[in-house]
There are 2 protein chains.
Amino acid sequence: MNIGEAARRSGVSAKTIRYYESVGLIPAAGRTAAGYRAYTANEVETLRFIHRARSLGFSVGNVAGLLELWRDRSRASADVKAIALKHVADIERKIAELDTIRRTLLDLTTRCCGDDHPACPILEELAT
Amino acid sequence: MNIGEAARRSGVSAKTIRYYESVGLIPAAGRTAAGYRAYTANEVETLRFIHRARSLGFSVGNVAGLLELWRDRSRASADVKAIALKHVADIERKIAELDTIRRTLLDLTTRCCGDDHPACPILEELAT
DNA sequence: TGTTGACCTTCCCGTCACTGGAAGGTCAAC
DNA sequence: GTTGACCTTCCAGTGACGGGAAGGTCAACA
């Protein structure tokens with residue numbers, strides 16, 4: 001099937017499929033006589049896998065690692081779990097950062113009248 | 001003072017100060033006879049303001065808006081508050097996204113033995 | 001006076017994961 | 001034969017910088 005169909009079935013845009021090929025996340029697809037990329041159902045499955053992994057926030061690098069483990073029938077699930085737990089830790093760090101900022105901003109915005117006068121604790125805090 | 005000293009006092013790296021100048025966040029600094037950028041205490045204050053705003057996650061575009069309001073003595077605090085509340089909403093959306101991913105991953109990693117066997121619910125989920 | 005070493009300058013490339021768009025070739029239907 | 005929906009490659013831009021090269025400047029010290 002053509003790249004457009006593969007995109008529709010996998011949820012990965014044609015542009016992005018070409019990008020994944022260019023960075024080596026997927027091998028170069030076969031070509032028709034006219035030079036069109038041709039995809040098998042199997043390759044679409046791989047694209048779906050990638051799409052799901054990316055939507056869980058895994059970096060393209062990590063997705064490459066997960067793909068390799070997925071294909072490796074003699075893998076240790078510990079290796080998969082390690083990648084996932086590392087990712088969870090990163091996410092939790094990020095959430096903590098955002099939450100600190102959120103609380104600071106909520107405090108400041110609560111103290112800001114938000115009227116037509118210039119006095120503003122938000123600007124005061126930034127200017128401190 | 002030179003850019004290095006301004007960087008040390010403001011917390012914004014010299015590289016980043018030049019970048020802010022190049023994108024118009026700050027006006028071009030004065031120059032010494034030798035072509036070195038020269039900063040006043042006032043300009044360092046502005047850089048400190050920018051540094052604090054950026055550390056609260058405001059985009060450079062929003063920082064430009066906050067700087068303008070900061071300098072505008074006839075500003076309405078409502079305009080500042082609006083920028084801050086919009087940012088809070090963005091952060092909360094981001095936290096919610098991350099938390100959904102986090103919960104999914106925690107569920108999967110909990111169900112993954114993480115031993116030397118290949119069976120792995122994480123890969124199974126991605127392959128579904 | 002010469003020389004070091006710490007500054008500073010501009011410029012370009014790389015990051016991450018794409019997205020947009022231009023210029024042009026291919027295919028199926030009407 | 002023509003339309004329109006595909007496909008191709010290539011280049012540039014995104015945000016917010018950081019790295020590093022090549023070269024100029026300055027203050028201190030021998």
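Every chain is numbered from 1, with letters handed out A, B, ... down the list of sequences. All of these numbers come straight from a predicted model, not from anything done at the bench.
Applying the Watson-Crick and G-U wobble criteria (two distances, each under 3.5 Å), C:dT15 pairs with D:dA16. If you check D:dA30 for Watson-Crick or wobble pairing at under 3.5 angstrom, you find it paired to C:dT1. Of the nucleotides present, D:dT2 is the one that pairs with C:dA29 by Watson-Crick or G-U wobble criteria, both distances under 3.5 Å.
Taking only side-chain nitrogens and oxygens, A:S13 comes nearer than 4.0 Å to OP1 or OP2 of C:dT19. For D:dG15, the OP1/OP2 oxygens have no side-chain nitrogen or oxygen of B:S59 closer than 4.0 Å. Under 4.0 angstrom from either OP1 or OP2 of D:dG15 there lies no side-chain N or O belonging to B:Y19.
Follow the hydrophobic side-chain contacts under 4.5 Å out from B:L56 and you reach B:L69 in the same cluster.
Side-chain contact check for B:T40 and B:N42: no donor-acceptor pair (N or O, by modelled atom type) lies under 3.5 Å.
Between the B:R102 side chain and the B:E97 main chain, no donor and acceptor come within less than 3.5 Å of each other.
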So which protein N/O to nucleotides 7-13 of chain C N/O distances come out below 3.5 Å?
residue : atom : partner : partner atom : Å
C:dC7   : O2   : B:Y36   : OH           : 3.3
C:dC8   : OP1  : B:G4    : N            : 2.5
C:dT9   : OP1  : B:R37   : N            : 2.8
C:dT9   : OP1  : B:R37   : NH1          : 3.0
C:dT9   : OP2  : B:R18   : NE           : 3.0
C:dT9   : OP2  : B:R18   : NH2          : 2.7
C:dT9   : O3'  : B:R31   : NH1          : 3.4
C:dT10  : OP1  : B:R31   : NH1          : 3.4
C:dT10  : OP1  : B:R31   : NH2          : 3.0
C:dT10  : OP2  : B:R37   : NH1          : 3.0
C:dT10  : OP2  : B:R37   : NH2          : 2.9

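Partner B:I91 forms a side chain to side chain contact (heavy atoms under 4.5 Å, CB included) with one of A:L106, A:D99, A:I101 and no other, that one being A:I101.
Between A:G57 and A:H87, the shortest heavy-atom distance links the atoms O-CE1, 3.1 Å.
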